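Structure first, then comments.
Numbers restart at 1 for each chain; the letters A, B, ... are given by sequence-line order, proteins then strands. Quantities reported herein were computed from a predicted structural model and do not represent experimental measurements.
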Amino acid sequence: MRHYNFTEIEKKWQGIWDKEGTFEVKERPGVDKDYILIEFPYPSAQGLHVGHPRSYTALDIVARKRRREGKNVLFPIGFDSFGLPTENYAIKTKTHPKVVTEENIRHFTRQLKSIGFSFDWSRAVTTSDPEYYKWTQWIFLQLFKKGLAYKKKMDINFCPSCKVGLANEEVVGGECERCGAPVVRREKEQWMLGITKYAQRLIDDLDELDFIERVKIQQVNWIGRSQGANIYFPIQDTDEKLEVFTTRPDTIYGATYMVIAPEHPLIDRSRDRLENYEAISEYRHHAKHKSDFERTQLVKDKTGVRLEGIMAFNPISEEEIPIYISDYVMMEYGSGAIMAVPAHDQRDFEFAKAFGERILQTVSGDPVDEKAYTGDGKVINSPLIDGLSVDEAIKKMVQIIVERGLGEEKIQYKLRDWIFSRQRYWGEPIPVVHCEKCGVVPLPEEELPLILPDVESYETTEDGSSPLAAITDWVNTTCPSCGGSAKRETDTMPQWAGSSWYFLRYLDPHNDKALASDEAINYWMPVDWYNGGMEHTTLHLLYSRFWYKFLYDIGVVPTPEPYAKRTSHGFILGENGEKMSKSRGNVINPDEVVRNYGADTLRIYEMFIGDFEKTVSWSMNGVAGAKRFLERVWNLQSMMASESKNYSKDLELIIHQSIEKVGKDYEHLKGNTAIAQLMSLTNAYYQKGSITRGELEVLLLLLNPVAPHMSEEIFENLGNREQISQTKWPSFDREKTLEDQVELPVQINGKVRFRMVFPRGMDKSLVENELKESSDYKSYTEGKTLVKIIVVPDKLISVVVK
RNA sequence: GCCGGUGUGCUGGAAUCGGCAGACAGGGCGGACUCAAAAUCCGUUGCCAGCGAUGGCGUGUGGGUUCAAGUCCCACCACCGGUACCA
């Protein structure tokens, strides 16, 4: 027998799978489909991280197993290739992002293929390919037509030194990540997508889905639904009203002042009447230059300015109350104004203390001298609702407010609309033009894709616009509507755009008539199982559910939800327990592991490393252990002493148990315990010293999804014509997974004192009788009073004595 | 702060429903093979006491429920992730 030459074996089988198209699939009406999806990688210049193969292997195992169970399995791969890191890398190395991307994809493809995943490579998609982004642009146009894509003026992070708009993650401690200059907020017209219109459905439809609980919880909390009321507070001596949202209308008598966000439009509207406009503008100016970071550092120190010269009117207590601006009130949430109830809201309390405002308790409970009282109690100091509980008072007050025309019931979400434009080059151009006469005009669908033009430089222009703005002959165009002169939109889409629908393109990747054919969509959707990182829970996962629901509404897809099931994997850290990074010098390159130990070893180790959902540290010793296991399996070939297809009596139990456990564990992404079981089975074979062909083959059949190259090779060495990938997944006999005799521990007063052997399934009373006869029992209970005996069938016996 | 999660030998980690804690690995120690080493194979390995049989202790801490708790309940501590004054 030759030694285990993994390099040769792996190259051979990868060649066979490639040549034979082993894992390529078509729709097969009438055959059960299974769509298994992993998050496609971002092809970074660093290449594959050892974290990628962890989740890819786990789902590859499921795919390989389910194919052998007769399912028509789609397990695709692609590349999420637009995005900021590539653009920045391109700027640094002065290479076109397209070239960088192509190189990276080649690199990733080679790496992924070297690990032997059973992807259907014929369906690979690349989001930066015009054939692909044609349909990303098409979806945008549909959103635009339905009013879900709109323009809005808003503040962005801007680096005055680099003259570039920055993503939140590029702002570190209030400074620009690249040059260290302080970041400012700058107003910019941005494209927005109306995801908030879908907020309620995005919560409600989670009920039906098989998502791991913490994903559901995080999405629900992120969307952040709260129920309350909008109430209008008149401004004295004007027709103006200040709208506030509150979840606690019961406390309205305690609303002793109001606060509006620094950006609130009331300020400009009331300019003439404000006696301290200068102080107010200064505060506004200051707030504008504060980064998000600074705002969050000053949680305790409430700042603000009172609007001198105008007063609001509390429509229920009928008192005149002052108005302040303060940056603890956010323009993006609710109406950008609050009624402040210092007695029952901690932030309002802190502000009232700082500005000497009146604190009126309206719910009985702890006194409100030191802090706000937020608990339950009876309503006090509130003539219309005194004596009610908080819940009753909320209902009653809402009723009063509605009856008197002072406001309405309101449901408010934390979720904000999706800021969809980027002043960047490496993204999908937004397919609209700006016409002086017609306004914003969408491109006709026949003109898609709107190709991203080449530019000289990828740097943002002077005023912070996208590099596209500098290409005047591209920007200047004609209006599709009136034929007059018009300018193209120069913003591009965010990286999230392409990844919001890629799973649909896999179904029919070369279709130029539609994003995918109806036949393909109807056959394959929804995705049966989607695995990805927890970090994508509130952005990518939510965004793609939103797009899919939209496509459902316009009749493109047949189901309201894209993913039937969602699971999530943990990170892999370096050997020292820290995040892998070049600067820490703890990066493990999967290529080296494949070269030195083989792909099968890498796959085994990635699965054996620990609980799939948890964060784990890499260990080179662990890799060596995985290799040792595979060597032991390889060497079993010389231990095969019989051509019999049968299992010997003494191995029957562990073999049937292994078939049961390994299959179940693979399905639950518990590769670690599945492999532990296969190790135990291998150890049992070594104990025995010689095995039959049937025994060796069943191990290979079970091992195949994790170590496909080696298992196929040995299977072929045994003279089999067919490949394991064409065999049926083995079945087990339930009766044979159970032992005939069971050893029961006997606890006396909670401590295991001795053990007794009984036939499996023996009647409780017979067990009890036999127990009482035993000498061990007698010696432990002598001179004591028996209280009770508990027999848990085939598990244990518990005796209580006094 | 809030939300979510985690805490088990020297290390990574096992332990369907509340039923023998430590499976399976790594590392250590001992042995076989070898001139020797590596590799391989076999044995051993939670901690404390004891030559031993054995006994005691033991799943972050403190309490509780139970015949029985890593698992359930209450209070707390530490760490990790998400989020940022959400009215």
Side-chain angles (χ1 to χ4, degrees), chain A residues 3 213-218 220-222 224-226 228 244-249 251 255 258-259 292-293 295-302 326-330 332-341 344-348 350-351 412-416 533-535 537-538 570-571 573 577 604-605 608-611 613-626 628-629 631-632 635 661 664 668 670 672-683 686-687 689 743-752 755 787-801:
Chain A
H3 78 285
E213 208 49 37
R214 53 185 212 282
V215 168
K216 285 193 186 183
I217 293 169
Q218 277 200 30
V220 169
N221 290 349
W222 181 263
R225 177 193 151 107
S226 52
V244 302
F245 171 73
T246 178
T247 54
R248 294 290 303 277
T251 62
M258 302 187 81
V259 186
D292 288 351
F293 177 77
R295 275 188 157 191
T296 60
Q297 288 308 296
L298 300 167
V299 173
K300 289 287 166 196
D301 288 333
K302 294 281 181 288
S326 174
D327 60 10
Y328 83 93
V329 173
M330 306 283 129
E332 296 81 20
Y333 186 74
S335 56
I338 61 161
M339 61 174 215
V341 184
H344 304 293
D345 182 286
Q346 187 56 29
R347 295 154 303 173
D348 297 346
E350 283 158 14
F351 190 88
Q412 180 69 47
Y413 301 92
K414 279 196 229 178
L415 184 69
R416 298 174 195 172
M534 277 311 284
E535 72 276 17
T537 303
T538 51
F571 292 109
L573 303 174
I604 290 274
Y605 177 64
F608 195 62
I609 192 166
D611 185 334
E613 293 196 355
K614 287 193 194 139
T615 302
V616 290
S617 299
W618 189 266
S619 153
M620 241 28 208
N621 275 333
V623 177
R628 205 169 301 155
F629 166 58
E631 295 270 10
R632 276 164 74 78
N635 292 333
K661 179 158 178 60
K664 201 154 73 178
H668 291 101
K670 296 220 164 263
N672 52 340
T673 49
I675 291 165
Q677 182 67 32
L678 292 172
M679 287 173 169
S680 296
L681 182 62
T682 305
N683 291 344
Y686 269 81
Q687 284 297 322
E743 191 188 58
L744 303 194
V746 180
Q747 295 182 346
I748 311 288
N749 289 345
K751 286 204 188 312
V752 178
R755 289 154 201 286
V787 180
K788 61 173 149 178
I789 295 178
I790 295 153
V791 178
V792 185
D794 300 333
K795 281 277 183 195
L796 60 57
I797 300 165
S798 184
V799 180
V800 187
V801 291

Dot-bracket for RNA chain B, 5' to 3', counting Watson-Crick or G-U wobble pairs under 3.5 Å, with [ ] for crossing pairs and | for inter-strand pairs? (((((((..(((......[....)))((((((.......))))))((((....))))..(((((..]....))))))))))))....
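When side chains are defined from C-beta on, Val746(A) does not count as touching Val752(A), because their heavy atoms never get closer than 4.5 Å. Using a 4.5 Å cut-off on side-chain heavy atoms (C-beta onward), Asn749(A) and Val800(A) make contact.
For C2(B), the OP1/OP2 oxygens have no side-chain nitrogen or oxygen of Gln218(A) closer than 4.0 Å. OP1 or OP2 of C86(B) lies within a sub-4.0 Å distance of a side-chain N or O belonging to Arg347(A). The phosphate of C57(B) (OP1 or OP2) has a side-chain N or O of Lys751(A) nearer than 4.0 angstrom. Phosphate contact (OP1/OP2 of C67(B), side-chain N/O of Lys788(A), threshold under 4.0 Å): present.
Between Leu681(A) atom CG and Ile675(A) atom CD1 the span is 13.5 Å, to the nearest 0.5 Å. Taking CD from Glu332(A) and CZ from Arg416(A), the interatomic distance works out to 4.5 Å, rounded to the nearest 0.5 Å.
Rounded to whole Å, the distance from CH2 on Trp618(A) to P on G13(B) is 14 Å. Regarding Asp794(A), its CG atom lies at a distance of 18 Å from the P atom of U16(B), rounded to whole Å. Atom CD of Glu350(A) and atom P of G1(B) are 14 Å apart (whole Å). Rounded to an integer number of Å, the gap from CD of Gln346(A) to C1' of C2(B) is 14 Å. One atom, CD of Glu743(A), and another, C1' of G19(B), lie 15 Å apart when rounded to the nearest Å. Distance Asn635(A) CG to A39(B) P: 15 Å, rounded to the nearest Å. Between Trp222(A) atom CH2 and C3(B) atom P there is a gap of 17 Å when expressed in whole angstrom units. For Ile748(A) and A68(B), the CD1 to P distance is 13 Å, given to the nearest whole Å.
When all heavy atoms are compared, the tightest approach of Gln218(A) to Thr537(A) is CB-CG2, 3.9 Å. Taking both residues in full, the closest heavy atoms of Asp348(A) and Val341(A) are given as OD2-N, 3.0 Å, listed atom of the first, atom of the second, then distance.
Checking side-chain atoms of Asn672(A) against main-chain N and O of Ile609(A) turns up no donor-acceptor pair under 3.5 Å.
Looking at residues two or more places apart in sequence or on another chain, you find no salt bridge (charged side-chain N to carboxylate O under 4.0 Å, His left out) involving Lys664(A). Remark: Phe351(A) engages Tyr257(A), Tyr324(A), Tyr328(A), Phe355(A) in a ring-ring contact (aromatic ring centres under 6.0 Å, His included) (not counting sequence neighbours). With sequence neighbours excluded, the residues satisfying salt bridge (charged side-chain N to carboxylate O under 4.0 Å, His left out) with Glu631(A) are Lys627(A). In this structure, the ring-ring contact (aromatic ring centres under 6.0 Å, His included) partners of Trp618(A), at least two apart in sequence or on a different chain, are Tyr605(A).
Across the C1' atoms, A69(B) and A15(B) are found 13 Å apart, a figure rounded to whole Å. With P as the reference atom, C73(B) and G22(B) are 25 Å apart, rounded to whole Å. A21(B) and C2(B) have their P atoms separated by 38 Å, given to the nearest Å. For the C1' atoms, the distance from U11(B) to G31(B) is 25 Å, rounded to whole Å.
With its glycosidic angle more than 90° from 0, C67(B) is assigned anti. Applying the 90° criterion around 0 to the glycosidic angle, G9(B) comes out syn.
Nearest-nucleotide assignment on RNA chain B puts the 5′-proximal partner with Ile790(A), out of Gly336(A) and Ile790(A). Each of Leu415(A) and Tyr605(A) has a nearest nucleotide on RNA chain B; the 5'-most of these lies closest to Tyr605(A).
Within a 6.0 Å radius of OH in Tyr413(A), other residues, nucleotides and ligands contribute more than 12 heavy atoms.
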Give each protein N/O atom lying under 3.5 Å from an N/O atom of nucleotides 24-27 of chain B, with the pair distance.
unit_1: A25(B); atom_1: OP1; unit_2: Asn683(A); atom_2: ND2; d: 2.8
unit_1: G26(B); atom_1: OP1; unit_2: Arg628(A); atom_2: NH1; d: 2.7

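Checking A14(B), C20(B), U83(B) against every side-chain atom of Asp611(A), the shortest atom distance belongs to A14(B). For Arg416(A), whose side chain is taken as the heavy atoms from C-beta onward, the closest listed nucleotide among U83(B), C86(B), A87(B) is C86(B). Of the candidate nucleotides C85(B), C3(B), G5(B), C3(B) has the atom nearest to the side chain of Asn221(A). Closest approach to the Gln687(A) side chain among C42(B), A87(B), A14(B) is made by C42(B) (side chain taken as heavy atoms from C-beta onward). Comparing A87(B), C67(B), A15(B) by their nearest atom to the side chain of Val800(A) picks out C67(B). Of the candidate nucleotides A68(B), G4(B), A14(B), A14(B) has the atom lying nearest to any side-chain atom of Thr673(A). Closest approach to the Tyr686(A) side chain among C67(B), C42(B), A14(B) is made by C42(B) (side chain taken as heavy atoms from C-beta onward).
At a cut-off of 3.5 angstrom, the base of C20(B) holds no donor-acceptor pair with the side chain of Lys795(A).
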